[in-house]
Amino acid sequence: MASTVFEFTLWLAADGRDLLARTNALHDAGADDCSPGEHCGAPYAAFHREAASFEDAVRSAIRDAHEAGCHVVRCEIDERQLAAWPCGS
């Protein structure tokens, strides 16, 4: 099955680390396809993850986030990605 690049954002629980430390931890855990940031003090990681399916992309990103010591609060999906997601028709 061909791989596709999926875009989504994982919002993370604040953990006392600064942005640089969290970025390094995520990249060290294998999430070098994300752009970590903070919005109003809430940390996030915007992913561009290549995978066979959207579910595989999100699951592997959550696994990488956990490996980096991050707790995922929610996953935000862009409307374009949601439209491409096969939802029973």
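Quick caveat: nothing in here was measured; it's all calculated off a predicted structure.
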Worksheet item: How far does SG of C34 sit from NE2 of H48, to the nearest 0.5 angstrom?
Response: 9.5 Å

Practice prompt. Start with the C-alpha distance between I77 and F54, add both sets of side-chain angles, then the distance that settles side-chain contact (heavy atoms from CB on, under 4.5 Å), and finish with yes or no.
Written response: CA-CA 10 Å; I77 306 164; F54 184 77; 3.7 Å; yes

Worksheet item: Aromatic rings F47 and F8: how do their planes relate, parallel, tilted or perpendicular, breaks at 30° and 60°?
Response: parallel

Worksheet item: Could you give the distance from CG (D32) to OG1 (T23), rounded to the nearest 0.5 Å?
Response: 12.5 Å

Response to the item:
CZ (R59) and CZ (R63) are apart, to the nearest 0.5 Å, by 9.0 Å

Fill in: Test item: P36 and H27 side chains (from C-beta on) under 4.5 Å apart, heavy atoms
yes

Item to complete: Answer yes or no: is there a side-chain heavy-atom contact under 4.5 Å between W11 and H39?
Response: yes

When the side chains of residues 64-73 are checked against the rest of the protein, which donor-acceptor pairs come out under 3.5 Å, sequence neighbours left out?
from: D64; atom 1: OD2; to: R49; atom 2: NH1; distance (Å): 3.2
from: D64; atom 1: OD2; to: R49; atom 2: NH2; distance (Å): 2.9

Discussion item. Please determine whether residues F6 and I62 belong to a single hydrophobic cluster, defined as Ile, Leu, Val, Met, Phe, Trp and Tyr linked transitively by side-chain heavy-atom distances below 4.5 Å.
Written reply: yes

Response to the item:
Value for CD (E50) from OG (S60), rounded to nearest 0.5 Å, stands at 10.5 Å

Practice prompt. Go through the steps for D15 and R22 under the test side-chain contact (heavy atoms from CB on, under 4.5 Å), then give the verdict.
Written response: CA-CA 9 Å; D15 60 10; R22 191 176 305 106; 3.2 Å; yes

